[in-house]
Amino acid sequence: QTHDAPIMAVVGVVVAAFAAAGTLSETAAELLGASARLRGADDHTAHEIARLTTELRAALGDETFDAAYARGKGLDRDAAFKRLDPAEALTVG
């Protein structure tokens, strides 16, 4: 009956970290947004999320980060699950 998915949200943060470690900063920001969607709320106090957010804002600028994060957070539940699938999320092209 619940609409949040905290375990998949944690997976999403890990996938976002992998994306950020490569050259996929905008993808990482979107993945963080999708992760927040599945968690049910933003969690800027979580250490890894705060670290990634700071890194990504520095790499992308606030406007690009905010837009990518909003795209991810704006997904419906099923689309957020699909977006966070590691096999798909880190594919370039």
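Count residues from 1 along the sequence. In what follows, every heavy atom counts, from backbone to side chain, and hydrogens, waters and symmetry copies are set aside. As the structure is a prediction and not an experimental result, all values here were calculated from the model.
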Where is the tightest heavy-atom contact between Leu75 and Ala34, given as atom of each residue plus distance?
CD1-CB, 4.2 Å
Heavy-atom count check: over 12 atoms from other residues, nucleotides or ligands less than 6.0 Å from Phe81 CZ?
yes
Using only atom types and a distance under 3.5 Å, with no angle test, would you say the side chain of Ser35 pairs donor to acceptor with the backbone of Gly12?
no
Contact summary for Arg71 and Glu30, nearest pair of heavy atoms
NE-OE1, 3.5 Å
Tell me the closest heavy-atom pair linking Ala29 and Ala68, and the distance in Å.
CB-CB, 3.7 Å
How many angstroms lie between CZ in Arg77 and NZ in Lys82, if you round to the nearest 0.5 Å?
16.0 Å
If you look at every heavy atom in Ala16 and Ala28, which pair is closest and at what distance?
O-CB, 3.4 Å
Hey, could you give me the CD1/CG distance between Ile49 and Leu56, rounded to the nearest 0.5 Å?
12.0 Å
Phe65 and Thr53: side-chain contact (heavy atoms from CB on, under 4.5 Å), yes or no, with the steps?
CA-CA 8 Å; Phe65 174 86; Thr53 297; 3.8 Å; yes
Straight-line distance of Leu32 CG to Glu48 CD, nearest 0.5 Å
9.0 Å
Exercise: identify the closest heavy-atom pair between Leu31 and Ala89
CD2-CB, 3.8 Å
Which of Asp62, Thr64, Leu52 passes side-chain contact (heavy atoms from CB on, under 4.5 Å) with Arg57? It is Asp62
Option among Val14, Leu38, Val15, Val13 that satisfies the side-chain contact (heavy atoms from CB on, under 4.5 Å) test with Leu84:
Leu38
Applying salt bridge (Lys or Arg N to Asp or Glu O under 4.0 Å) to Asp76 and Arg37, what does each step give before you reach the verdict?
CA-CA 8 Å; Asp76 66 36; Arg37 165 62 177 96; over 6 Å; no
